[in-house]
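Fair warning: this is a prediction, and the values are worked out from it, not measured in the lab. One is the number of the first residue; the rest follow in order along the sequence.
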Amino acid sequence: MQQFNGHPIARKWPAQFPDWLQLYSLPTPNGIKVSVMLEEVGIPYEAHRVDIQANDQFSPEFLALNPNNKIPAILDPHGPGGQPLALFESGAILIYLAEKSGQLLPMDAMQRYETLQWLMWQMGGAGPMFGQVGFFHRYAGKDFEDKRPLQRYVNEAKRLLGVLDQRLQGRAWIMGSDYTIADIAVLPWIRCLHVNYDAGELLSLQDYKNVQRTLAAWLNRPAVQRGLNMPPAPN
């Protein structure tokens with residue numbers, strides 16, 4: 001615990017409950033992954049809001065935890081061997097929390113690697129491509145006169161949505177009847193296309209019936225509803 005209390009991150013974001021896992025995040029798609037995971041598996045945690053508008057992610061305290069200056073990041077005072085563990089990258093955090101809790105990652109080797117396959121599909125495909133759609137459709141890139149970059153990412157996003165829709169045909173979740181970290185990784189990004197990027201019409205999201213069905217089921221989960229708003233906005 002002494003190592004945790006001495007970490008530079010604690011100077012900027014003091015822990016009220018230093019014996020709990022500490023989450024440094026925002027309710028973005030990648031941030032939501034981790035807060036939802038923590039709510040699902042029931043690990044006690046304390047959420048700290050990293051204000052990217054105020055460049056908190058570039059502060060020396062945050063960079064001491066994540067030199068890649070991105071949210072989310074965690075500091076677990078009870079890591080492997082009882083030692084504090086600092087960890088960034090949402091996919092790595094999901095795997096760690098699944099292994100720590102013994103939940104949401106199959107023990108069977110075949111199913112485990114298939115689950116990790118879909119986690120990597122999100123990390124390397126859906127997340128980056130959907131993010132580019134958001135940039136060129138909703139944010140600064142929307143003012144670019146050349147619309148070819150937007151169309152490139154729209155086409156790729158539609159392809160990825162088609163892959164996911166086909167995978168969900170006849171399945172409740174990505175891995176079938178079992179809800180896993182693959183769903184927790186992918187579905188915040190599907191929600192983001194609707195809520196943050198206003199890209200529903202652009203991507204014809206209503207056409208991906210299986211994706212819409214699974215997203216609705218995910219949003220109805222109590223742990224998801226709690227995790228979507230962590231850390232909460234300041235009053």
Set of salt bridge (charged side-chain N to carboxylate O under 4.0 Å, His left out) partners for [X], sequence neighbours left out:
{"X": "D146", "answer": "R148"}
{"X": "K209", "answer": "none"}
{"X": "R49", "answer": "none"}

TODO: May I ask you to check whether Q151 and N155 show a side-chain donor-acceptor distance below 3.5 Å?
DONE: yes

Task: Side-chain donor-acceptor pair present, D76, Y45, cut-off under 3.5 Å - done: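 D76 vs Y45: no donor-acceptor pair found between side chains.
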
For the backbone of [Y] and the side chain of [X], can you confirm whether one donor and one acceptor N or O come within less than 3.5 Å of each other?
{"X": "Q22", "Y": "F17", "value": "yes"}
{"X": "E89", "Y": "L87", "value": "no"}
{"X": "N229", "Y": "P232", "value": "no"}
{"X": "D56", "Y": "D51", "value": "yes"}
{"X": "K33", "Y": "I93", "value": "no"}
{"X": "R11", "Y": "E61", "value": "no"}
{"X": "H137", "Y": "D198", "value": "yes"}
{"X": "S204", "Y": "D207", "value": "no"}

Measure the shortest side-chain to side-chain distance between [X] and [Y] over non-hydrogen atoms and say whether it is less than 4.5 angstrom.
{"X": "W20", "Y": "L38", "answer": "no"}
{"X": "I190", "Y": "F130", "answer": "yes"}
{"X": "F135", "Y": "P149", "answer": "no"}
{"X": "L105", "Y": "R112", "answer": "yes"}
{"X": "H78", "Y": "K100", "answer": "yes"}

Spacing of [atom1] belonging to [X] relative to [atom2] belonging to [Y], to within rounding of 0.5 Å:
{"X": "I181", "Y": "M175", "atom1": "CD1", "atom2": "CE", "result": "10.5 Å"}
{"X": "R159", "Y": "M129", "atom1": "CZ", "atom2": "CE", "result": "9.5 Å"}
{"X": "Q122", "Y": "Q117", "atom1": "CD", "atom2": "CD", "result": "14.0 Å"}
{"X": "E156", "Y": "R152", "atom1": "CD", "atom2": "CZ", "result": "7.5 Å"}
{"X": "N55", "Y": "F62", "atom1": "CG", "atom2": "CZ", "result": "12.0 Å"}
{"X": "H48", "Y": "L23", "atom1": "NE2", "atom2": "CG", "result": "8.0 Å"}

Hey, quick one: are [X] and [Y] part of the same hydrophobic cluster, counting side-chain heavy atoms closer than 4.5 Å, chains of contacts allowed?
{"X": "L75", "Y": "M37", "value": "no"}
{"X": "F88", "Y": "I74", "value": "no"}
{"X": "Y24", "Y": "I52", "value": "yes"}
{"X": "W173", "Y": "Y113", "value": "yes"}
{"X": "V211", "Y": "I184", "value": "yes"}

Assess whether atom [atom1] of [X] is packed by more than 12 heavy atoms of other residues, nucleotides or ligands within 6.0 Å.
{"X": "E99", "atom1": "CD", "result": "yes"}
{"X": "R226", "atom1": "CZ", "result": "yes"}
{"X": "Q206", "atom1": "CD", "result": "yes"}

TODO: Scan residues 183-195 for pairs that pass side chain to side chain donor-acceptor pair (under 3.5 Å), counting only residues two or more places apart or in two chains.
DONE: N30-W189, H194-Q212

Residues 63-71, side-chain donor-acceptor partners within the protein, below 3.5 Å, at least two apart:
{"residue": "N66", "atom": "OD1", "partner": "N68", "partner atom": "N", "Å": "2.8"}
{"residue": "N66", "atom": "ND2", "partner": "K70", "partner atom": "O", "Å": "2.6"}

List the atom of [X], the atom of [Y], and the distance in Å for their closest heavy-atom pair.
{"X": "A182", "Y": "L119", "value": "CB-N, 4.5 Å"}
{"X": "M123", "Y": "G91", "value": "CE-N, 3.7 Å"}
{"X": "L160", "Y": "W121", "value": "O-CZ2, 3.4 Å"}
{"X": "A47", "Y": "M230", "value": "CB-CE, 3.8 Å"}
{"X": "P72", "Y": "S25", "value": "CB-OG, 3.6 Å"}
{"X": "S101", "Y": "V41", "value": "OG-CG1, 3.5 Å"}

Open item on the list: Under 4.0 Å between a side-chain nitrogen and a carboxylate oxygen: does that hold for R167 and E114?
Closed with: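 E114 and R167: salt-bridged.
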
- [ ] Would you sort out whether E39 and Q225 count as a side-chain contact (heavy atoms from CB on, under 4.5 Å), showing the intermediate values?
- [x] CA-CA 9 Å; E39 292 288 344; Q225 294 171 15; over 6 Å; no

Open item on the list: Test side-chain contact (heavy atoms from CB on, under 4.5 Å) on L150 and L202; report intermediate values, then the result.
Closed with: CA-CA 10 Å; L150 171 61; L202 178 70; 4.3 Å; yes

Compile the donor-acceptor pairs under 3.5 Å between side chains in residues 213-221 and protein atoms, sequence neighbours left out, one pair per line.
{"residue": "R213", "atom": "NH1", "partner": "R171", "partner atom": "O", "Å": "3.1"}
{"residue": "R213", "atom": "NH2", "partner": "L168", "partner atom": "O", "Å": "2.9"}
{"residue": "R213", "atom": "NH2", "partner": "R171", "partner atom": "O", "Å": "3.3"}
{"residue": "R213", "atom": "NH2", "partner": "N210", "partner atom": "OD1", "Å": "3.4"}
{"residue": "T214", "atom": "OG1", "partner": "N210", "partner atom": "O", "Å": "3.0"}
{"residue": "W218", "atom": "NE1", "partner": "Y179", "partner atom": "OH", "Å": "3.1"}
{"residue": "N220", "atom": "ND2", "partner": "A216", "partner atom": "O", "Å": "3.3"}
{"residue": "R221", "atom": "NE", "partner": "E40", "partner atom": "OE2", "Å": "2.8"}
{"residue": "R221", "atom": "NH2", "partner": "E40", "partner atom": "OE1", "Å": "3.1"}

Task: Trace of the side-chain contact (heavy atoms from CB on, under 4.5 Å) decision for I174 with L164 - done: CA-CA 8 Å; I174 290 173; L164 181 60; 4.1 Å; yes

- [ ] Please work out whether the ring planes of F136 and Y153 are parallel, tilted or perpendicular, with thresholds of 30° and 60°.
- [x] parallel

TODO: Show the numbers, then the answer: is there a side-chain contact (heavy atoms from CB on, under 4.5 Å) between V154 and K158?
DONE: CA-CA 6 Å; V154 165; K158 287 183 174 181; 4.0 Å; yes

